[in-house]
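Scroll down for the structure; my scribbles are underneath it.
Letters go in sequence order (proteins before strands), and every chain restarts at 1.
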There are 2 protein chains.
Amino acid sequence: MQIFRAFTDTARMAETGFRTYNHARPHGPWPPLADEARILVKNTGRRSTRPLRTTLADVARAAGVSINTASRAFRSPKTVRPELRLQIEEAATALHYLPNRLAGGLAGAHTGIVGVVVTSLFYSEFGETLETMQGELEAAGLHVMLGNSRYDRNEELRLVRAMLSWRPAGIGLVGVDHHPGIRELLKREQVPVVEFWDVCDDCFDCSVGMDHCRIGAIQAGHLIARDCTRIAFVGSTRNEDHRARKRLAGCMATVREQLGCELTQCTLTEGGSPELGARLARTLLESHPEIDGIACNSDVVAFGVLRTLREMGLRVPNDVKVIGFGDRAAATCMNPSLSTVIPPRSAIGEEAARMLLRRIDGGKPAIRTFDAELAARGSTGGP
Amino acid sequence: MQIFRAFTDTARMAETGFRTYNHARPHGPWPPLADEARILVKNTGRRSTRPLRTTLADVARAAGVSINTASRAFRSPKTVRPELRLQIEEAATALHYLPNRLAGGLAGAHTGIVGVVVTSLFYSEFGETLETMQGELEAAGLHVMLGNSRYDRNEELRLVRAMLSWRPAGIGLVGVDHHPGIRELLKREQVPVVEFWDVCDDCFDCSVGMDHCRIGAIQAGHLIARDCTRIAFVGSTRNEDHRARKRLAGCMATVREQLGCELTQCTLTEGGSPELGARLARTLLESHPEIDGIACNSDVVAFGVLRTLREMGLRVPNDVKVIGFGDRAAATCMNPSLSTVIPPRSAIGEEAARMLLRRIDGGKPAIRTFDAELAARGSTGGP
DNA sequence: TTGAAAGCGCTACCAG
DNA sequence: CTGGTAGCGCTTTCAA
């Protein structure tokens with residue numbers, strides 16, 4: 001038995017003696033789709049190994065219209081007579097039509113893929129931002145393809161290249177400090193880009209995030225306002241976590257300015273974790289017992305610091321005050337509750353998505369800075 | 001001026017008088033890619049609006065080989081003479097060739113996209129699992145397209161459909177309880193699927209995760225082993241969070257069996273958070289002051305419970321013992337540290353990816369259950 | 001408002 | 001080992 005597939009190829013149509021595809025066969029119910037169907041292509045007897053799936057052509061044929069009209073019925077319904085449109089929709093439902101967006105992307109102007117490369121998925125650092133961003137894009141019919149560079153610039157470059165090979169409608173990147181190759185690549189591809197979480201003026205295209213120097217300054221400023229005079233900065237400063245370094249720098253500058261002395265830096269290049277915080281705090285306080293204020297590079301680190309302080313018999317906030325960054329869920333449940341700086345996670349995700357959407361729609365690049373908010377809690381003496 | 005593009009179309013070749021594409025023009029350096037280039041298609045003067053990008057055909061021409069050979073040079077390098085391969089690679093680099101995976105996917109057997117639909121991105125519930133899974137797939141050249149159903153079955157169905165329209169090589173889904181339409185859809189598409197985090201025998205294809213009933217049983221069993229006799233279960237049981245309900249059920253059954261009494265259930269259908277835990281704990285203890293053991297549906301909820309207990313002047317573990325689920329980073333930093341059940345997050349992610357990879361490679365479906373481990377800490381009286 | 005046909009860039013098959 | 005060529009399924013002119 002020979003099953004004719006939907007086809008548009010002129011030569012084949014001529015060969016089979018049909019003038020137009022739509023009328024190649026009488027209309028009517030489509031033969032049931034056999035599982036793992038193998039079909040005969042052309043009259044050559046050659047076999048295709050791909051499953052027989054409903055295509056737009058099948059829908060068109062079943063509805064008695066041209067492929068083109070069927071396409072328009074989905075894409076711009078207003079340009080098709082309502083009655084035809086209904087027929088087409090019915091045919092699509094009956095045949096379980098599922099559009100092939102690869103084909104659509106290949107033929108069309110853009111793809112509906114947005115490549116997002118984050119630096120980490122652990123500890124939900126970007127979970128909430130990603131959730132909002134993804135939701136916003138989804139609502140516009142775009143899908144997020146996710147990459148994770150694990151704070152590795154070369155890996156990030158490779159991922160961006162990989163994303164670009166899907167011809168994305170846009171690209172999202174965490175931070176503004178990247179491998180130089182990325183700028184070159186993105187420029188050549190002329191694709192809308194949003195760098196989020198951190199901001200700068202010299203970004204590739206769009207950027208939205210926080211001034212991380214300022215966050216460090218807020219931490220130090222708050223400790224100073226609470227009468228700390230010997231301040232330490234504790235946490236992870238991975239080589240390629242530029243944002244962590246900026247927070248450190250902001251903290252350092254503020255201490256220098258307002259206190260006229262140097263910050264005690266106690267950091268390692270391994271990733272942040274409670275264990276890191278716990279270890280660093282012990283080292284720090286054994287060698288610098290005069291420390292009365294600790295700014296942590298993340299809440300997760302601060303949790304560990306609080307634990308060590310407790311173990312060492314130091315009272316918080318009386319003996320030492322502690323502030324984190326990130327406002328993780330557990331912060332309010334620590335004893336005492338952890339003061340921290342709150343990043344507007346969902347606002348950033350939402351704005352990142354919107355910027356991309358506007359750019360894809362032909363709009364201009366934009367840059368926007370969000371403020372991070374101080375949450376003064378028990379660990380620095382309360383509100 | 002008329003710029004000829006790479007083309008393979010026979011009719012056009014005939015029209016332009018060239019026998020084969022590769023020799024259509026003398027070899028040599030490719031003209032620089034003008035930004036936003038507009039090109040003349042055919043001799044009709046029609047204009048294409050798409051940017052002029054390097055295609056495989058360009059690379060082939062520059063290297064003096066057929067498109068076909070160039071393709072094989074990338075895909076299965078061994079089948080091409082080393083010296084030719086080098087030429088092709090050099091041409092690709094010189095022309096900044098970026099493969100178009102849409103085209104590859106459309107023409108080839110499968111696409112290199114894996115659609116993953118999670119129920120939440122918040123609180124990093126699946127962050128670590130996703131991180132491992134994504135990494136494992138990335139290493140195999142597959143890319144994760146991410147969807148988030150927000151615990152909504154209809155949304156999940158829509159997302160699966162959306163993912164399928166990208167003709168993914170595989171699909172990953174959180175949990176094993178889905179909208180019936182999903183089974184139908186996946187069956188029709190014959191695509192490898194892995195359901196992860198939860199397991200069951202009647203899964204679509206593959207599944208890997210934990211027995212969530214068992215997790216509830218572990219929680220209750222541990223509280224009972226620590227001499228609790230009045231046990232409550234606290235947390236969020238969203239309508240469509242079947243896993244939370246299974247943990248509740250497991251807990252309930254164990255209490256009934258071992259204690260011969262009923263569990264006090266104190267749950268709401270809103271999402272889990274410290275605030276929920278805090279509120280529920282207050283309600284619970286005001287009406288059931290006899291409670292001496294609380295199993296929480298997640299660590300995040302347990303954090304809030306601990307806070308309330310502290311505020312109410314109840315001592316943990318002396319007056320009330322508390323156990324969570326999830327082993328969030330902060331758990332060891334609570335005061336007292338939080339006992340919990342540890343899910344093997346990365347193991348699940350890794351195995352999920354591997355199962356998919358094996359299936360894509362023609363392997364058989366598999367089912368695998370991982371055990372969750374008890375972490376007995378301060379909130380239940382220590383190890 | 002509808003239809004015809006030319007691609008989009010690549011893979012896979014077959015022939016040499 | 002290499003090349004020719006027919007699609008993959010869709011969008012997009014252009015013509016009717």
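- Judged as a side chain to side chain donor-acceptor pair (under 3.5 Å), and not counting sequence neighbours, the contacts of B:Arg358 are B:Glu351.
- The two residues A:Cys206 and A:Met355 make their nearest non-hydrogen contact at CB-SD, 3.8 Å.
- Applying a 4.0 Å cut-off to non-hydrogen atoms, the residues of residues 81-88 of chain B that approach DNA chain D are B:Arg81, B:Leu84, listed by residue number.
- A straight line from CH2 of B:Trp166 to C1' of D:dC10 spans 12 Å, rounded to a whole angstrom.
- The side chain of B:Ser66 contributes no N or O atom lying less than 4.0 Å from OP1 or OP2 of D:dT2.
- What separates CG of B:Asn100 from P of C:dC8 is a distance of 12 Å, to the nearest Å.
- With respect to the salt-bridge test (charged N to carboxylate O, under 4.0 angstrom), the residues B:Arg150 and B:Glu156 do not qualify.
- Remark: A:Thr69 is not in phosphate contact with C:dT2, judged by side-chain N or O atoms under 4.0 Å from OP1 or OP2.
- For residues 135-149 of chain A, the pairs satisfying salt bridge (Lys or Arg N to Asp or Glu O under 4.0 Å) are A:Glu136-A:Arg354, with sequence neighbours left out.
- For the pair A:Leu102 CG and D:dG9 C1', the computed distance is 9 Å after rounding to whole Å.
- Looking at residues two or more places apart in sequence or on another chain, you find a side chain to side chain contact (heavy atoms under 4.5 Å, CB included) between A:Glu184 and A:Arg188, B:His96.
- The side chain to side chain contact (heavy atoms under 4.5 Å, CB included) search around A:Thr93 returns none, not counting sequence neighbours.
- In this structure, B:Phe74 places its CZ atom 12 Å from C1' of C:dC10, rounding to the nearest Å.
- When distances run from any side-chain atom of A:Val80 to the nucleotides C:dC10, C:dT2, D:dC8, the shortest one goes to C:dT2.
- Residues satisfying the side chain to side chain contact (heavy atoms under 4.5 Å, CB included) criterion with B:Leu357, sequence neighbours excluded, are B:Leu137, B:Ala140, B:Leu142.
- One can place CG of A:Leu106 at 9 Å from C1' of D:dC8, the figure rounded to the nearest angstrom.
- For the pair A:Tyr97 OH and D:dG9 C1', the computed distance is 8 Å after rounding to whole Å.
- Sequence order on DNA chain D of the closest nucleotides to A:Ser71 and B:Thr79 puts B:Thr79 first from the 5' end.
- Note on residues 90-118 of chain B: no pairs pass salt bridge (Lys or Arg N to Asp or Glu O under 4.0 Å), not counting sequence neighbours.
- Comparing B:Arg72 and B:Arg167, the nucleotide of DNA chain D nearest to each residue sits closer to the 5' end for B:Arg72.
- Per the geometry, CG belonging to A:Asp58 stands 13 Å off C1' belonging to D:dC10, to the nearest Å.
- Rounded to a whole Å, the CD1 atom of B:Ile67 is 13 Å from the C1' atom of C:dC8.
- The side chain to side chain contact (heavy atoms under 4.5 Å, CB included) test applied to A:Ala162 returns B:His143, not counting sequence neighbours.
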For DNA chain D, the dot-bracket pattern of Watson-Crick and G-U pairs whose distances stay under 3.5 Å, | for other-strand partners: ||||||||||||||||
